[in-house]
Amino acid sequence: METIISTALQESIKELYNEDISIDKSYIQRTRKDIEGDFTVVIFPFLKIAKKSPDAAATEIGESLSSKLACHYQVIKGFINLSFADIQWLQFLNKNWKNDQFGYWPQKNRAPILIEYSSPNTNKPLHLGHIRNNLLGSSISRILKACGEQTICVNLVNDRGIHICKSMLAWQKFGNGETPETSNLKGDHLVGKYYVIFDQEYKKQIKILVEQGISEKEAGKKAPILLEAQEMLRRWEEGDRDIISLWKKMNEWVYQGFEITYQELGIHFDKTYYESETYLLGKQLVEEGLHQGAFYRKEDGSVWVNLNDEGMDEKLLLRQDGTSVYMTQDLGTASLRFDEFHPEKMIYVVGNEQNYHFDVLKIILSKKLKKSFGNHIHHLSYGMVELPSGKMKSREGTVVDADNLMEEMIVAARRNTQELGKTDFSNEEAECLYRMIGLGALKYFILKVDPKKNMLFNPEESIDLNGNTAPFIQYTYARIRSLLRKADKEGLSIPLAAPTELTIPKMEKELIKLLYDFPQIIENAGTTYSPAVIANYMFDLAKAFNRFYQETPIFKETSLELKIFRLQISHFISIVLRNGMALLGIDLPEKM
RNA sequence: GGUUCCGUAGCUCAAUGGAUAGAGCAACUGCCUUCUAAGCAGUAGGUUGAUGGUUCGAUCCCAUCCGGAAUCACCA
């Protein structure tokens, strides 16, 4: 409809003022809900052309538009509010109310969009920060699919390096052969436990050294256990068989643990890269850059790029011993992926602490190496998750563990449901419901915040299940499903004959208009990479339905036509709630 | 110190440069002889960090200042 209005507006301006203008999207918007009308045209931008007072111009344009579009208009303070006939809204309803795919756009014929997220280290379990990353990544990939894009989800597991060696060493020294089975710990938690033990031992040794009169900085470098870990890394790189096999064993434990967490969160990947397989990549690109003169070698043999002309510093690309750094690897993996998939875009879901890194990465690829795919990289930078107590610090034990958190949410859901006296479920149904509610609440709590922004995670609030939460929306859905079951019993099941002529009551009109927005909302969420757009819309829709539900008893309605009409809308809303929540990875219950 | 991001109700968050800045939580007042009260209706709560500028119009764009965060490693 917006496009129709837009075209009409363009014609009107041409006829009235003989000017060709391009219609900016912002000139046409939905009418505020406290004002009569469906769409609003802002006329201020045309005043210069019209050379008239706002009201005079608005009336003139409104008159012209209403005759073109067969709609009513009303001018208030320089805004033209257009109202379309009920029949047009009924047509929209009748065309779409049974469409299970409503809101999802048809498949575009384009190169895929590659999206990397999660990217964990293998020395400790996932925490709250990873949860935000994973939820954002998976949700955005679903949103892009709903926008008609083809997506490829990839994970880049950081399975090598000094951190995993620390866990390995501590396990060797203090583990007594402990395994996930013997300790009854999830593999990632077990490995994480030894990472902590390493750190404790390391600190102990530093303290001793300091007591012997060595400076703290020096002690930090010379603690024997650290030297041992470094030695272990060296041996890993040489391919030492014992080290490699220990490394494989412990990583395997971690993967089994991650798998459980991913499954619980509803995360999956089309492809997983391991850093142990990619960390040597990129050197070739650096050589290439050296040849082109884009990079330079210092006397000690290390390779650098000078980004002064971009307002940045010099950046190291190869160490003096010729080994690669993070940037080298990222240059390599970007190149690898581009060759592999020729994607339209490569999206990296990575925290905003790495903004600088990605700026540099893009500049090196596009400006220095003249690789076109440098411009295809998009760093989807999200804000940190903070706790009421401040920042999460793994060494201080203030991290919120992902597995524990999910479990607590489910427990809270159980407690809440039972307190409300909702016990009309089989055990199996009940457990399934608690999971749905607990995990839904968690996902929604995190996804409803604009990704760019830092967010505060208050455990008590996140467990709250009232107000702007997933359970509120789930509850709304369950209410509708209950309505529809009742309709079924009364012989009013789905292939209803839909009314084609009807005066639409105010509240129903509002609902239809909200439903009408859904495809645009998805598109908007896709272009801004923001699940929060979907979440906020879901809440608005659920709230509007609940108001309607509370004030409008459907089955007491004597007019069969109206009754059916309201059931249609309810059914339609249930579809939109389901399709929208699916994009957030949240399931909805039939009963709750 | 350089660069970047962020400051909106007591708290958590909304608001493609548009009309009277909105929700939820917390507080207070009502509504279950019931299509599910995890709900609905209402009250109260704001100099959108500050000051200038651009504009018909600024929470949004620009400048300066104040406050907070991130980053500036031969870490990842």
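Nothing here was measured: the structure is a model prediction, and the numbers come from that model.
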**Asked** Under 3.5 Å, is there a donor-acceptor pair linking the side chains of A:E314 and A:Y296?
**Response** yes

**Asked** Is the aromatic ring of A:F44 within stacking range of B:G18, meaning centres under 5.5 angstrom and planes under 30 degrees?
**Response** yes

**Item:** Between A:S167 and A:N123: side-chain donor-acceptor atoms closer than 3.5 Å
**Value:** no

**Request:** Let me know the distance between CG of A:N355 and C1' of B:U4, rounded to the nearest Å.
**Result:** 7 Å

**Item:** Partner set under side chain to side chain contact (heavy atoms under 4.5 Å, CB included) for A:Y549, not counting sequence neighbours
**Value:** A:R479, A:L483, A:F545

List every contact pair, protein side and nucleotides 7-9 of chain B side both N or O, where the distance is under 3.5 Å.
| from | atom 1 | to | atom 2 | distance (Å) |
| --- | --- | --- | --- | --- |
| B:G7 | OP1 | A:K453 | NZ | 3.4 |

**Prompt:** With under 30° as parallel and over 60° as perpendicular, where do the rings of A:Y537 and A:F518 fit, or are they tilted in between?
**Reply:** parallel

**Asked** B:C56 and B:A63: how far apart are their C1' atoms, nearest whole angstrom?
**Response** 23 Å

**Prompt:** How does protein reach along nucleotides 32-43 of chain B, written 5' to 3' as B (base within reach of a heavy atom under 4.0 Å), S (only sugar-phosphate), or - (no contact)?
**Reply:** ---BBSBBSS--

**Request:** Please work out if A:P45 contacts a base, only the sugar-phosphate, or nothing of the nucleic acid, heavy-atom cut-off 4.0 Å.
**Result:** base

**Item:** Pairing residues for A:Y356 by the ring pair (Phe, Tyr, Trp, His ring centres under 6.0 Å) criterion, not counting sequence neighbours
**Value:** none

**Prompt:** In terms of side-chain geometry, is the basic nitrogen of A:D321 or A:R319 positioned less than 4.0 Å from the acidic oxygen of its partner?
**Reply:** no

**Message:** Is the terminal nitrogen or CZ of A:R132 (NZ for Lys, CZ for Arg) located under 6.0 angstrom from the six-membered ring centre of A:Y382 and within 45° of that ring's axis?
**Reply:** no

**Asked** For the pair made of CD1 in A:I76 and P in B:U20, what is the distance, rounded to whole Å?
**Response** 11 Å

**Request:** Considering only NZ, NE, NH1 and NH2 on the basic side and carboxylate oxygens on the acidic side, decide whether A:K298 and A:D300 come within less than 4.0 Å.
**Result:** no

**Item:** Donor on one side chain, acceptor on other, A:E60 and A:Y17, under 3.5 Å
**Value:** yes

**Asked** With a 4.0 Å cut-off on heavy atoms, is A:D330 in touch with a base, just the backbone sugar-phosphate, or nothing at all?
**Response** nothing

**Item:** Pairs involving residues 449-475 of chain A, ordered by first then second residue, that meet ring pair (Phe, Tyr, Trp, His ring centres under 6.0 Å) (sequence neighbours left out)
**Value:** A:F445-A:F457, A:F472-A:F539

**Complete:** Classified by glycosidic angle (syn within 90° of 0, else anti), B:C40 comes out anti

**Message:** A:R485: which residues meet the side chain to side chain contact (heavy atoms under 4.5 Å, CB included) condition with it, sequence neighbours left out?
**Reply:** A:R481, A:S482, A:E590, A:K591

**Message:** Expressed as a whole number of angstroms, how long is the span from A:D464:CG to B:G24:P?
**Reply:** 13 Å

**Prompt:** In whole Å, what separates the P atom of B:G22 from that of B:U59?
**Reply:** 13 Å

**Message:** Expressed as a whole number of angstroms, how long is the span from A:D540:CG to B:A15:P?
**Reply:** 11 Å

**Fill in**
Taking pairs as Watson-Crick (N1-N3 plus N6-O4 or O6-N4) or G-U wobble (N1-O2 and O6-N3), each distance under 3.5 Å, the stems of three or more consecutive pairs with RNA chain B are B:1-7 with B:66-72, B:10-13 with B:22-25, B:27-31 with B:39-43, B:49-53 with B:61-65

**Item:** Span that lies between the C1' atom of B:A9 and that of B:A21, in whole angstrom
**Value:** 11 Å

**Asked** P atom, B:A26 versus B:A38: distance in rounded Å?
**Response** 14 Å

**Request:** List in chain and number order the residues that pass side chain to side chain contact (heavy atoms under 4.5 Å, CB included) with A:N155, two or more places apart in sequence or in another chain; answer none if no residue qualifies.
**Result:** A:S118, A:S119, A:P120, A:V157, A:Y262, A:F269, A:T272

Under 3.5 Å, which protein N or O atoms sit close to an N or O of nucleotides 72-76 of chain B? Give each pair with its distance.
| from | atom 1 | to | atom 2 | distance (Å) |
| --- | --- | --- | --- | --- |
| B:C72 | O2' | A:D313 | OD2 | 2.9 |
| B:C74 | O3' | A:R319 | NE | 3.4 |
| B:C74 | N3 | A:Q320 | NE2 | 3.4 |
| B:C74 | N4 | A:D300 | OD2 | 2.2 |
| B:C75 | OP2 | A:R319 | NE | 3.1 |
| B:C75 | OP2 | A:R319 | NH2 | 2.8 |
| B:A76 | OP1 | A:R319 | NH2 | 3.2 |
| B:A76 | OP2 | A:Y326 | N | 3.4 |
| B:A76 | O3' | A:N158 | ND2 | 3.1 |
| B:A76 | O3' | A:E275 | OE1 | 3.3 |
| B:A76 | O2' | A:N158 | ND2 | 3.1 |

**Item:** Atom C1', compared across B:G18 and B:A76: separation rounded to whole Å
**Value:** 46 Å

**Message:** In this structure, how many angstroms lie between the P atom of B:U4 and the NZ atom of A:K362, rounded?
**Reply:** 15 Å

**Prompt:** Given atom CD of A:E461 and atom C1' of B:G10, what is their separation to the nearest angstrom?
**Reply:** 12 Å

**Prompt:** Contact class for A:T40 (heavy atom, under 4.0 Å): base, sugar-phosphate, or nothing?
**Reply:** base

**Fill in**
Contacts of A:F295 meeting ring pair (Phe, Tyr, Trp, His ring centres under 6.0 Å) (sequence neighbours excluded), chain-then-number -> none

**Base of B:A19 and ring of A:F79 stacked, centres under 5.5 Å, planes under 30°** = yes

**Message:** Using the side chain to side chain donor-acceptor pair (under 3.5 Å) criterion, which residues pair with A:T278? Sequence neighbours excluded.
**Reply:** none

**Between C1' of B:U4 and NZ of A:K452, the distance in whole Å** = 14 Å

**Message:** Does anything in residues 525-548 of chain A form a salt bridge (Lys or Arg N to Asp or Glu O under 4.0 Å)? List the pairs, not counting sequence neighbours.
**Reply:** A:E510-A:R547

**Rounded distance in Å between the P positions of B:C40 and B:G24** = 8 Å

**Message:** Judged by each residue's nearest nucleotide on RNA chain B, which is more toward the 5′ side, A:T469 or A:P451?
**Reply:** A:P451

**Prompt:** A:Q74 CD to B:A19 P: how many Å, rounded?
**Reply:** 17 Å

